Amino acid sequence: MSKDVLNNARYLAAIVALQLQAENARHRHLVVLSGSRKWAVELAYEVIARLGVMQTLWLTDEPQCSTPEWEVEYSPAKKAIRHLGSERSLIVMDAYAGFHPDAFGAISGTLKAGGVFVLLTPEIDQWADYDDPDYERITSLPFARASLTRRFISHINDSISAAQSVLRISEQRGLCHLQNSLEGSIPSGAMTASEPLQSKGGDSSLTPDQQQAVEAICRVVTGHRRRPLVITSDRGRGKSAALGLAAAKLIKRGLSRIVLTAPLIASVESAFAMLEVQFPQGVRTGLGFSTQSGGDCEVIFIPPDELISATPDAELLLVDEAAAIPTPMLETLLVRYSRVVFASTIHGYEGTGRGFAVRFTKTLDQQTPQWRSVHLSSPIRWAENDPLEACVFDALLLNASPNEPIVSRQIDFTKLKTCWLDQDELLHNQTLLKQVFGLLVLAHYRTSPDDLRMLLDGPSLRVVAQFAGSDLVVVALLVREGGLERELGDAIWQGRRRPRGHLIPQVLSSMGGFHEATDLTGERVMRIAVHPSLHQLGLGAALIEEISRQGEHDGVDYIGSSFGATVELISFWQHVGFSPLRLGLQREAASGTHSLVVMRPISASAIALCKEAEQRFYDQFYFDLSGTFNSLSVDMVLRLLGSLEAEKWLLDKRDIADLVAFTEHFRVYESCSHVVAKLVILAATNNMLDSECTKPEAAVLIRRVVQKQTVSAVVSALHLAGKKELEQLLRSAVCKLFLRYQQPLSFS
Ligand SMILES: CC(=O)SCCNC(=O)CCNC(=O)[C@H](O)C(C)(C)COP(=O)(O)OP(=O)(O)OC[C@H]1O[C@@H](n2cnc3c(N)ncnc32)[C@H](O)[C@@H]1OP(=O)(O)O
């Protein structure tokens with residue numbers, strides 16, 4: 001027998017032994033095959049055959065061969081998210097096709113107890129030199145993929161090598177870990193008492209945590225007081241199943257319509273599975289479940305952005321994976337639905353969860369201080385101390401967190417230390433890396449493992465942070481943009497080319513029409529995050545000042561940013577001297593927000609461009625409010641209208657006569673709507689809508705007069721009794737504003 005065949009036999013025996021241990025302990029394990037692609041792929045097929053696994057999921061862009069005997073489902077890593085609702089007992093990920101950080105994290109959560117995750121990588125000491133195809137996603141001109149650093153891969157490689165529970169097999173070095181498993185001994189910490197897996201079904205199979213959650217959900221509906229519930233858990237604790245069982249119980253007690261929402265329908269699959277078990281006669285449709293074929297009672301899935309725009313009736317709203325939904329959307333749901341449960345993974349593989357607990361609970365404390373919480377800690381899909389979970393969390397820093405601050409709110413601003421952090425320094429100083437990434441995760445709902453790679457390898461990325469003593473209090477990621485070749489600039493302006501990176505120059509040139517934007521160089525603030533316990537103390541503003549000083553020193557033309565626009569963020573960026581230049585036409589599906597490009601110019605050319613682009617933005621903005629932006633929130637419209645120039649909206653004699661006819665006589669609104677609109681804009685530019693009108697009046701003026709929403713849309717959105725109430729609110733608001741207008745010096 002050849003040496004290779006003998007070796008492979010040893011490796012397979014080790015993997016089989018490990019899988020048996022995993023099965024006995026209800027754990028999952030990571031096996032890494034590091035060597036040539038051909039060797040690793042062939043060994044992986046042998047693993048599938050030896051373990052006798054049907055329906056292996058294999059993440060790759062380039063399936064290597066078809067497998068007649070064993071069914072393998074191939075999927076590109078970038079589409080791994082599609083598989084989130086399913087469960088597998090064997091997953092293969094081919095890092096030769098690209099190591100996709102988010103996919104690695106998310107898909108490992110779909111591996112069942114007793115399962116094995118097989119990662120195929122180049123040889124241990126060559127992986128970090130391999131031109132990983134997935135790095136294409138972070139290239140940016142002039143950096144070609146092959147020229148990028150691969151510190152992230154080094155970090156993953158080191159982390160895997162350091163994890164005692166990983167079985168690593170190298171083509172050149174043989175078995176690197178868990179050698180003792182060959183002899184059938186058990187790696188430390190891997191064996192716990194074997195417990196039966198939770199069966200999909202009724203209450204008896206629930207963990208005590210789940211039972212507590214189901215009871216708490218039922219109390220949200222049956223309690224006399226409005227009491228929102230927050231359920232938090234780690235991945236695999238049966239949170240979604242508990243939502244499904246609670247929904248079933250409530251339907252049995254007489255509820256007829258429950259709405260379930262989550263960023264992805266796949267993540268609530270186990271809630272629907274639970275309903276199917278509870279109502280065997282029920283009918284599953286694409287987006288919902290009816291207890292009987294005729295309809296009767298239903299649990300319906302509605303994506304968050306649709307819920308916000310339509311607000312359908314529901315006796316109970318269940319929000320799953322709430323951490324992946326932006327806080328402003330959650331706040332809207334909290335206001336609109338009286339009985340509501342927010343459930344979320346805190347230590348999720350996607351890395352989005354921990355900030356949720358910090359950010360959203362602040363809102364709950366303010367709006368509904370009587371809210372309750374339940375935490376699910378016992379895993380149901382695998383046993384405690386799962387080796388794969390520990391390894392993935394460590395490698396992707398999903399447990400990272402900034403130091404717990406800090407001498408509470410007493411920061412001595414004169415002693416803050418600004419540090420420009422080197423990406424190499426971050427790689428080699430894991431404590432610092434964890435602090436920085438931990439703060440980004442905590443502060444921003446969409447920070448994911450992909451961002452860890454960006455942090456370590458993003459070309460022309462710079463990291464600046466401020467420390468109070470050894471505590472990180474604020475961090476920003478910056479990326480250099482622009483200064484593009486004229487020929488490329490022309491092609492971008494003409495809409496013929498859209499190279500990766502250079503977001504602000506491209507948006508301003510190809511969409512805003514400012515050809516010169518691609519010539520200028522700018523520093524884009526990709527992310528800025530202040531420790532959540534230290535917001536609104538001036539730390540964010542101070543760091544922006546530091547960034548601007550450095551930008552000036554470096555000779556860049558401007559500092560810019562692009563972010564999902566909320567009223568609070570617009571307020572922050574305007575406060576620190578940035579002008580809005582372009583609002584994205586479409587809402588991002590995940591955040592429900594429009595992205596806003598802002599700029600603080602430094603050079604004379606950027607000052608000229610910024611002035612003109614801002615003017616153009618506002619000129620266009622008013623017209624877009626009755627079209628593209630006619631569903632923009634009232635607060636956001638008010639915020640942006642506040643910066644319009646009042647002179648363009650001054651009223652002439654005839655306008656004033658029209659307003660007299662409307663407010664004092666019987667002129668109908670429709671015949672003078674354009675003049676009413678002028679008055680409203682004029683008032684908004686003087687920030688008088690808030691001070692002169694009640695909230696419902698201001699909302700009617702913005703929606704009906706400025707955004708030209710239909711009467712029925714306004715009535716429904718503002719929960720008015722009907723057209724009459726709308727007309728009364730409109731008339732009373734216009735009367736107040738007109739009266740104020742007639743007072744000397746009240747409008748500038
Ligand atoms: C490109 C991007 O990264 S955009 C995403 C920004 N980051 C995040 O959303 C993460 C979470 N949030 C944060 O980290 C912080 O709140 C930041 C970075 C937005 C702001 O930093 P902070 O230190 O809290 O703000 P700072 O105290 O410097 O505020 C300066 C001014 O901005 C405005 N402002 C700041 N936060 C708010 C807010 N929540 N609501 C209204 N206005 C605000 C105010 O005018 C404030 O001045 P004032 O306090 O004198 O009224």
Side-chain angles (χ1 to χ4, degrees), residues 323 325-331 352 354-363 366 402 405-406 409 411 413 416 418 435-448 451 454-455 458 461-466 468 472-479 481 503-504 507 522-548 558-578 580-584 588 590-600 633 635-636 638-640 642-643 687 690:
I325 299 175
T327 314
M329 282 174 110
L330 297 177
E331 285 168 2
T352 52
R354 269 161 312 120
F356 165 78
V358 179
R359 292 187 309 269
F360 190 52
T361 52
K362 264 192 203 164
T363 306
Q366 283 162 4
I406 294 167
R409 304 203 129 230
I411 293 277
F413 280 76
L416 287 180
T418 305
Q435 268 197 318
V436 169
F437 191 64
L439 180 50
L440 292 171
V441 168
L442 204 57
H444 202 271
Y445 73 101
R446 277 167 89 191
T447 305
S448 76
D451 296 298
M454 190 67 187
L455 179 63
L461 183 109
R462 301 209 297 161
V463 185
V464 57
Q466 284 187 324
L472 175 67
V473 293
V474 49
V475 66
L477 309 189
L478 315 174
V479 65
E481 296 190 333
L503 178 80
I504 292 183
V507 166
E523 195 82 90
R524 175 163 65 90
V525 182
M526 274 179 68
R527 249 341 125 74
I528 176 164
V530 172
H531 196 290
S533 62
L534 300 168
H535 281 183
Q536 286 183 270
L537 294 176
L539 288 166
L543 190 63
I544 293 291
E545 285 311 319
E546 196 61 46
I547 292 167
S548 295
Y558 63 87
I559 311 293
S561 190
S562 170
F563 56 91
T566 61
V567 175
E568 293 77 13
L569 286 180
I570 295 176
S571 163
F572 169 71
W573 287 104
Q574 286 188 326
H575 179 95
V576 291
F578 286 64
L581 301 189
R582 182 152 186 100
L583 191 62
E588 279 182 48
S591 68
T593 57
H594 296 261
S595 59
L596 183 66
V597 169
V598 293
M599 179 187 283
R600 176 166 153 174
S633 78
D635 288 347
M636 181 92 77
L638 280 173
R639 177 83 221 172
L640 288 168
S643 304
N687 295 318
D690 278 339

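The structure displayed is predicted, hence computed values, not measured ones. Values reported hereafter were calculated over all heavy atoms of this structure, with side chains retained and with hydrogens, waters and symmetry mates removed. Start at 1 and go down the list; that is how both ligands and their atoms are numbered.
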query = In the protein, what heavy atom is nearest to atom 19 (C) of ligand 1, and what distance, to one decimal place, separates them?
reply = L569 CD2, 3.6 Å

inquiry  = Checking contacts here: is it the side chain or the backbone of L537 that comes within 4.0 Å of ligand 1, counting heavy atoms only? Could be both or neither.
reply    = backbone

task = Would you mind checking which non-hydrogen protein atom is closest to atom 7 (N) of ligand 1, with the distance to 0.1 Å?
result = I528 O, 2.8 Å

key: Euclidean distance, Q466 CD relative to H531 NE2, rounded to 0.5 Å   = 15.0 Å

Reported CG-to-CG distance for the pair L477 and L440, which is rounded to 0.5 angstrom = 5.0 Å

task = Could you list the atoms of ligand 1 found under 4.0 angstrom from a heavy atom of M526?
result = 1 (C), 3 (O)

query = How would you list, by chain and number, every residue that makes a side chain to side chain contact (heavy atoms under 4.5 Å, CB included) with L569, sequence neighbours excluded?
reply = F563, T566, W573

request  = Answer whether the closest heavy-atom distance between the side chains of D451 and R527 falls below 4.5 Å.
outcome  = yes

ask   = Any Lys/Arg nitrogen of E545 or R600 sitting under 4.0 Å from an Asp/Glu carboxylate oxygen of the other?
value = yes

message = Taking 4.0 angstrom as the limit and counting only heavy atoms of S561, give me the atoms of ligand 1 inside it, by number and element.
response = 1 (C)

query = Between CG of D690 and CZ of R639, what distance do you get to the nearest 0.5 Å?
reply = 10.5 Å

inquiry  = My question is simple, although I want it checked carefully: is atom 51 (O) of ligand 1 less than 4.0 angstrom from any protein heavy atom?
reply    = no

task = Check each of H531, H535, R527 against atom 13 (C) of ligand 1 and report the one with the nearest heavy atom.
result = H535

Nearest non-hydrogen protein atom, atom 41 (C) of ligand 1 = S571 OG, 3.5 Å

inquiry  = If the cut-off is 4.0 Å to any non-hydrogen atom of G540, which atoms of ligand 1 fall inside it?
reply    = 21 (O), 22 (P), 23 (O), 28 (O)

task = Indicate yes or no: at least one non-hydrogen side-chain atom of E523 is less than 4.5 angstrom from one of R462.
result = yes

note = d(L442 CG, F437 CZ) to nearest 0.5 Å is 11.5 Å

query = Roughly how far apart are F572 CZ and I528 CD1, rounded to 0.5 Å?
reply = 4.5 Å

From CD1 (I325) to CD (E331), nearest 0.5 Å = 12.5 Å

ask   = So, does S571 use its side chain to make a donor-acceptor pair with the main chain of V567 at under 3.5 Å?
value = no

ask   = Among all protein non-hydrogen atoms, which one is nearest to atom 10 (C) of ligand 1, and what is the separation to 0.1 Å?
value = A443 O, 3.4 Å

inquiry  = Do V464 and I547 have side chains that approach each other closer than 4.5 Å (heavy atoms only, starting at C-beta)?
reply    = yes

query = Which ligand 1 atoms, with their elements, are less than 4.0 angstrom from a heavy-atom of A529?
reply = 14 (O)

request  = Considering the heavy atoms of A541, write down every atom of ligand 1 situated less than 4.0 Å from one of them.
outcome  = 28 (O)

inquiry  = Taking 4.0 angstrom as the limit and counting only heavy atoms of V525, give me the atoms of ligand 1 inside it, by number and element.
reply    = 1 (C)

remark   = Heavy-atom proximity to atom 36 (N) of ligand 1, picking from R639, Q536, R524, points to Q536

task = Look at atom 4 (S) of ligand 1 and say which protein heavy atom is nearest, naming residue and atom and giving the distance to 0.1 Å.
result = F563 CB, 3.5 Å

request  = Considering only non-hydrogen protein atoms, determine which one is nearest to atom 40 (N) of ligand 1 and report residue, atom name and distance to 0.1 Å.
outcome  = E568 CG, 3.4 Å

query = Considering only the protein, which heavy-atom contact is closest to atom 45 (O) of ligand 1, and what is its distance?
reply = H575 ND1, 3.3 Å

request  = For ligand 1, note which part of F572 has a heavy atom under 4.0 Å away: side chain, backbone, both or neither.
outcome  = both

key: Identity and separation of the nearest protein heavy atom to atom 14 (O) of ligand 1   = V530 N, 2.7 Å

